[in-house]
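Numbers here simply count residues along the sequence, with the first being 1.
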Amino acid sequence: MPVEFIGKPIEVELGDDPAGTPVAFRLGRKDYKVADVLQRWEDHGFGQAIPGHGDWRSGSHRVYYRLRTSEGEVYEVYVDWLATRRQGKRRQEKSKWFAHRRIA
């Protein structure tokens, strides 16, 4: 299964579910609709590599999604959730989304 590394920031539209699952994203000039979320996993260790984020207690972590688009393509995207909180809620505007790779 060939894999193409992308590594670019993307704009993401989130669904209404509490987890904030992607329902669409924009990569470059192209818009994609998400047909299926094939997999979701979290990486709590990546925050240790960010200056000022010592360990998992910092609250920063990365959430990956493997998505099938309405055109049948499969992408892995991720969001870096930051530990910034206001009134007990995570501030999504501080989070950054990226297209990690396309799986052919």
Side-chain angles (χ1 to χ4, degrees):
M1 173 181 317
V3 176
E4 174 190 351
F5 175 75
I6 301 171
K8 294 183 179 178
I10 58 175
E11 296 174 29
V12 175
E13 180 183 337
L14 301 177
D16 294 331
D17 62 319
T21 304
V23 295
F25 63 95
R26 181 175 187 87
L27 174 59
R29 295 181 180 170
K30 188 168 181 183
D31 293 320
Y32 297 89
K33 289 192 177 194
V34 175
D36 294 304
V37 176
L38 303 173
Q39 193 173 4
R40 179 190 182 279
W41 67 97
E42 297 185 19
D43 178 0
H44 292 272
F46 102 98
Q48 297 174 14
I50 299 175
H53 293 84
D55 59 29
W56 63 270
R57 292 178 300 242
S58 68
S60 297
H61 66 285
R62 185 170 283 172
V63 180
Y64 288 87
Y65 294 89
R66 184 171 291 168
L67 309 171
R68 179 177 292 121
T69 68
S70 58
E71 297 174 345
E73 296 179 298
V74 176
Y75 286 88
E76 284 183 2
V77 303
Y78 66 87
V79 60
D80 288 340
W81 289 119
L82 300 180
T84 304
R85 296 179 186 273
R86 177 177 286 169
Q87 299 174 353
K89 294 183 180 179
R90 184 163 301 169
R91 297 186 62 198
Q92 292 184 5
E93 65 270 16
K94 293 288 188 180
S95 302
K96 299 189 188 286
W97 286 86
F98 295 89
H100 179 55
R101 58 190 185 167
R102 184 171 68 85
I103 302 170

Student: Which heavy atom in L67 sits nearest to a heavy atom in P22, and how many Å separate them?
Tutor: CD1-CB, 4.3 Å
Student: Any heavy-atom pair between the side chains of V12 and L14 that's under 4.5 Å?
Tutor: yes
Student: Among pairs that include at least one residue of residues 1-12, which meet side chain to side chain donor-acceptor pair (under 3.5 Å), considering only residues two or more places apart or in two chains?
Tutor: E4-R102
Student: So V34 and T69, do their side chains get closer than 4.5 Å, heavy atoms only?
Tutor: no
Student: State, yes or no, whether a side-chain contact exists between S95 and D80 at a heavy-atom distance under 4.5 Å.
Tutor: no
Student: Under the ring-ring contact (aromatic ring centres under 6.0 Å, His included) test, which residues partner Y65, sequence neighbours left out?
Tutor: W97
Student: Charged N to carboxylate O under 4.0 angstrom, D31 versus R26?
Tutor: yes
Student: For the residue pair R40 and V63, establish whether any side-chain heavy-atom pair is separated by less than 4.5 Å.
Tutor: yes
Student: Parallel, tilted or perpendicular for Y75 and F25, by the 30°/60° rule?
Tutor: perpendicular
Student: To the nearest 0.5 Å, how far apart are OH in Y64 and CZ in R101?
Tutor: 9.0 Å
Student: Would you call F98 and I10 a side-chain contact if the rule is heavy atoms closer than 4.5 Å?
Tutor: no
Student: Going through the checks in order, is the side chain to side chain contact (heavy atoms under 4.5 Å, CB included) test met by E73 and Y32?
Tutor: CA-CA 9 Å; E73 296 179 298; Y32 297 89; 3.3 Å; yes
Student: Can you tell me if CG on D17 sees more than 12 non-hydrogen neighbours from other groups inside 6.0 Å?
Tutor: yes
Student: For residues H100 and I6, determine if any side-chain heavy atom of one lies less than 4.5 Å from a side-chain heavy atom of the other.
Tutor: no
Student: Salt bridge between E71 and K30, side-chain N to carboxylate O under 4.0 Å?
Tutor: yes
Student: Between I103 and L38, is there shared hydrophobic-cluster membership here, with clusters defined by ILVMFWY side-chain heavy atoms closer than 4.5 Å?
Tutor: yes
Student: Under a 4.0 Å threshold between the charged nitrogen and the carboxylate oxygen, would R62 count as salt-bridged to D43?
Tutor: no
Student: Side-chain contact, heavy-atom cut-off 4.5 Å: K96 with V79?
Tutor: no
